[in-house]
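Working notes, structure below.
Computed from a predicted structure; not experimentally measured. Reckoned from all heavy atoms, side chains included, excluding hydrogens, waters and symmetry mates. Throughout, a chain's letter reflects where its sequence line sits, starting with A, and its residues are numbered from 1.
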Protein chains: 2
Amino acid sequence: MDTRRKIMSSAVNLFARNGYHSTTMEMIAEEAGLGKGTLYWHFASKEDLYRGIIQAGLQEYSSFVENLQEKELTYEEKIRAIIKFKIRFYLRHKPLASVIMANLDELGADFKKRMWQEQRKNNQTLADIFLQGKEEGVFKIEDPLLTARAFNGMVDSVLFSPDLNQVNGKVLSGVLENLIFRGILKT
Amino acid sequence: MDTRRKIMSSAVNLFARNGYHSTTMEMIAEEAGLGKGTLYWHFASKEDLYRGIIQAGLQEYSSFVENLQEKELTYEEKIRAIIKFKIRFYLRHKPLASVIMANLDELGADFKKRMWQEQRKNNQTLADIFLQGKEEGVFKIEDPLLTARAFNGMVDSVLFSPDLNQVNGKVLSGVLENLIFRGILKT
DNA sequence: CCTACTCGACCGACTGTCCGGTCTAGATGG
DNA sequence: CCATCTAGACCGGACAGTCGGTCGAGTAGG
């Protein structure tokens, strides 16, 4: 339904600006031009709405990485592609991206666990790329899963620096690629 | 006062477990073995209490890095020292560390801004180390500030992976040092 | 007339904050 | 040594506002 999408889109913007708890269902309804009761016809609860938003975002990311695995690319190219995808995703869906980033601590333990599992799956597919690259002698990596986490954390934290908005995407991906591939030491 | 410390310590644990909004002043009071009203004798508000906790943590970190600048160490050793400090800090003050990590989105815009400024200062002193190392030919770095953010994000995201608790600290710092110094490419 | 959908007034639970009051340790002073 | 006073620390009931969720009444289309 179109209404469903409108609700989600309004909610994303508000969640991104105010966080989960400071965004009320009434605000979302108003932003969407709907009555509050209508939200509850489309979503079971506020948490359900929130989860729907995040899962849609995570799914887009994970399906990209999974598709990548089937492409004929060198491992290095795959990493480059992921960096570029992340930057593009962030630039296009900035509010959604910040909602996903912030999701860890606003909700109950059950919800957190489910989200961590989702992210663990994503880290695992990325770790697979690192591992394969290592086995074929392209990468030198001690712990692929740890490296996957470090990689994601590195990219995300740079993207969400609040005063770096004017940095060019090309420059950004160049900096990140150098960092992850070569490190900072000169020799 | 000792009571003040007891309040803060109880609050840290609860904030770490439940987040800001799901922790009530009554819970904190009970955990501390005090009456609810007492909290308001020691702190102006819930937010004031929260801020006090976070600032104490940030200060410990920033004063470590600032002291580091005056020590006679190579730039590489300084970076290693920061990694080790972060790991140690995390292991010792785990709840406090996760509260600091999660602080970005629970509160109002004013509060967020102040916190970002604090962190920007920290990033800046780290960036100074990178910059000096670059100028003396030890590091090859395109953008020191960006690199500082990437570095912090990398380390933090690894530390806060929820299922990595049993990883040895020595191993961890080795992995992180290799990553930041050498990257993952083999050549 | 039935289904899918929308609406917004209302309810009930919750929680930050306030405030009137208690308790205790020490000071005062006779 | 006792009676009195003071004030800092502490208590917890009550208030006031907020917000997620419900419900009964509508509406539109087929």
* Asked: Should B/E118 and B/R51 count as an ion pair when the cut-off is N to O under 4.0 Å?
  -> no

* Using a strict 4.0 Å threshold on nitrogen-to-oxygen distance, state whether A/R92 and A/E60 make a salt bridge. => no

OP1 or OP2 of [N] under 4.0 Å from side-chain N/O of [X]:
X	N	result
B/H42	D/dC10	yes
A/T3	C/dT6	yes
A/T24	D/dT18	no

* To do: Might you work through the salt bridge (Lys or Arg N to Asp or Glu O under 4.0 Å) test for B/K78 and B/E72, ending with a clear yes or no?
  => CA-CA 9 Å; B/K78 283 182 182 174; B/E72 291 256 348; over 6 Å; no

Please give, in whole Å, the distance from [N] [atom2] to [X] [atom1]?
X	N	atom1	atom2	value
A/E47	D/dG21	CD	C1'	14 Å
A/H21	D/dG17	NE2	P	23 Å
A/W41	D/dC23	CH2	P	17 Å
A/L14	D/dC19	CG	P	13 Å
B/M25	D/dG17	CE	P	20 Å
B/F43	C/dT17	CZ	P	13 Å
A/E26	C/dG8	CD	C1'	9 Å
B/I28	C/dT17	CD1	C1'	14 Å

Can you find a heavy atom in the side chain of [X] that is under 4.5 Å from one in the side chain of [Y]?
X	Y	value
A/R149	B/F160	no
B/F181	B/R80	yes
A/F89	A/L96	yes

* For residues 30-40 of chain B, which residues have at least one heavy atom under 4.0 Å from DNA chain C? -> B/K36, B/Y40

* Asked: Can we call the ring centroids of A/Y75 and A/F130 under 6.0 Å apart?
  -> no

